[in-house]
2 protein chains.
Amino acid sequence: MKELRRDVYQAISDPVRREIITLLAEKPRNLNAVANEFPISRPAISKHIKILTECGLIHIRVEGRERFCEAKLESLGEVSEWTNQFKRFWTNKLNALEMHLKNAGKSKPKKK
Amino acid sequence: MKELRRDVYQAISDPVRREIITLLAEKPRNLNAVANEFPISRPAISKHIKILTECGLIHIRVEGRERFCEAKLESLGEVSEWTNQFKRFWTNKLNALEMHLKNAGKSKPKKK
DNA sequence: TAAAAATGTAACCATTTGGTTACAAATATA
DNA sequence: TATATTTGTAACCAAATGGTTACATTTTTA
């Protein structure tokens, strides 16, 4: 694996990596502790951790033979900003729905 | 291409697809108009469009021989929510920085 | 009706991805 | 010191990805 084109969007495109992020956001764990949460092999997790480290989403604190992984999710802010620029696409729809429900509730004709 | 495991995270992991989204969010265009904005071939763009359509990020309105693509970015809301649950990871840092700058400005010792 | 335009898609290709097993290395423990 | 623990990584593999060219189809236009 050469791990090219590493960016935060690609990092979070894998569901396992998203779960790792969620786990580590809760509390730091060493690599084995992370691996134990998944049905796949430790080396596979090790690779995911490497990818997440490479794009700055987690930081490794070496402690003896253990590597403690902690979430450093600043760069998720970039994704947040990118998606938020399109917020109108779902909030408008939401508002329209709310409006509709409100009106429906207000002037609902008796179902006779 | 079998296009398996199609979800919004994977859809936006490709930079070309993110650009397509940005383009179409501005205004709908037919497939050729989209393809003309990129240095890659029309079939390549056609595949990207297909992927975006499959995961609901764009909608195709057929009009004669043309296919007008329009952005339907509701499902980006999912990504927004997912990232926002980790907001503290970058806003805290931001607050800390602001605080630091504010204090630095307030009580900055004269550099003598 | 013949030609042009817009698009889909098949067949192909190289690279990347995400997993595996096997082994090595460093550190901690009995 | 011998053994167990924690991790890295090499070598391998199948499938997915992102691109290409070539050709077919449908619709519009001259």
Side-chain angles (χ1 to χ4, degrees), chain A residues 1-24 27-71, chain B residues 1-24 27-72 79:
Chain A
M1 256 199 222
K2 238 172 289 170
E3 273 105 33
L4 296 169
R5 217 192 71 203
R6 202 101 292 167
D7 67 42
V8 66
Y9 295 95
Q10 209 234 341
I12 66 169
S13 72
D14 185 273
V16 172
R17 286 197 289 269
R18 286 200 300 280
E19 279 193 68
I20 293 176
I21 286 173
T22 302
L23 263 179
L24 294 178
K27 72 166 192 288
R29 292 151 208 256
N30 68 16
L31 198 141
N32 269 345
V34 174
N36 286 338
E37 302 286 333
F38 296 89
I40 62 179
S41 73
R42 183 190 48 82
I45 296 295
S46 184
K47 286 189 188 179
H48 284 306
I49 297 277
K50 190 176 204 174
I51 290 171
L52 290 169
T53 305
E54 276 171 10
C55 74
L57 284 168
I58 72 177
H59 174 254
I60 308 290
R61 177 166 43 85
V62 178
E63 204 155 304
R65 65 187 158 181
E66 293 177 70
R67 269 104 184 102
F68 279 91
C69 314
E70 24 194 332
Chain B
M1 258 200 224
K2 239 172 284 167
E3 276 106 32
L4 297 170
R5 215 191 74 200
R6 203 101 292 168
D7 67 42
V8 67
Y9 295 95
Q10 209 235 342
I12 66 169
S13 72
D14 185 272
V16 172
R17 286 196 288 270
R18 285 200 301 279
E19 278 193 68
I20 293 177
I21 286 173
T22 302
L23 263 178
L24 294 178
K27 72 165 193 287
R29 291 151 209 256
N30 68 18
L31 198 140
N32 269 346
V34 175
N36 286 339
E37 302 286 333
F38 296 89
I40 62 179
S41 73
R42 182 189 51 77
I45 297 295
S46 185
K47 286 188 190 183
H48 284 306
I49 298 277
K50 190 177 204 176
I51 290 171
L52 290 169
T53 305
E54 277 171 7
C55 72
L57 284 167
I58 71 177
H59 175 254
I60 308 289
R61 178 166 41 86
V62 178
E63 204 156 304
R65 63 184 160 183
E66 292 176 72
R67 268 104 184 102
F68 280 91
C69 312
E70 25 193 332
K72 305 273 282 179
V79 179

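In the text below, chain A, chain B and the rest are named by the order of the sequence lines, each starting its count at 1. Values below: all heavy atoms of this structure, side chains included; hydrogens, waters and symmetry mates excluded.
- Protein atom OH of B:Tyr9 is 17 Å distant from nucleotide atom P of D:dT17, rounded to whole Å.
- Checked by distance alone, A:Lys50 brings no side-chain donor or acceptor within 3.5 Å of a matching partner on the base of D:dG8.
- Remark: the A:Arg42 side chain and the D:dG8 base include a donor-acceptor N/O pair separated by less than 3.5 Å.
- Between the side chain of A:Arg18 and the backbone N or O of A:Ile12 there is at least one donor-acceptor pair closer than 3.5 Å.
- Side-chain atoms of A:Arg65 stay outside donor-acceptor range of the base of D:dT6, with no qualifying N/O pair under 3.5 Å.
- Distance, A:Leu52 CG to C:dG18 C1': 13 Å, rounded to whole Å.
- The distance between atom CZ of A:Arg6 and atom P of C:dT16, rounded to the nearest whole Å, is 10 Å.
- Look at CZ on B:Arg61: it is 12 Å from P on C:dT7, rounded to the nearest Å.
- The phosphate of C:dG8 has OP1 or OP2 within less than 4.0 Å of a side-chain N or O from B:Arg67.
- If you find the closest nucleotide of DNA chain C to A:Glu66 and to B:Glu66, the one lying nearer the 5' end belongs to B:Glu66.
- For the OP1/OP2 pair of D:dT7 and a distance below 4.0 Å, the side-chain nitrogens and oxygens of A:Ser46 include no atom meeting the criterion.
- Atom P of nucleotide C:dG18 and atom CD1 of A:Ile12 are separated by 13 Å, given to the nearest angstrom.
- Put simply, B:His48 has no side-chain N or O that comes within less than 4.0 Å of OP1 or OP2 on D:dT17.
- Between A:Glu37 and A:Glu19, the closest side-chain pair of non-hydrogen atoms is not below 4.5 Å.
- Counting only distance, with no hydrogens or angles, the side chain of A:Thr53 and the backbone of A:Ile49 share a donor-acceptor pair below 3.5 Å.
- Heavy-atom distances to DNA chain C give each of A:Pro43 and B:Leu31 a nearest nucleotide, and the one nearer the 5′ end belongs to B:Leu31.
- Between A:Ile51 and A:Leu57, every side-chain heavy-atom pair lies at or beyond the 4.5 Å cut-off.
- Here the CD1-CD1 distance, from B:Ile58 to B:Ile20, works out to 7.0 Å after rounding to the nearest 0.5 Å.
- Atom-to-atom, CZ of A:Arg17 to P of C:dT16 comes out at 15 Å; the value is rounded to the nearest Å.
- Rounded to a whole Å, the CG atom of B:Asn32 is 15 Å from the P atom of D:dT28.
- Under 4.0 angstrom from either OP1 or OP2 of D:dT20 there lies at least one side-chain N or O belonging to B:Ser41.
- Rounding to whole angstrom units, CD of residue A:Gln10 and C1' of D:dA16 are separated by 12 Å.
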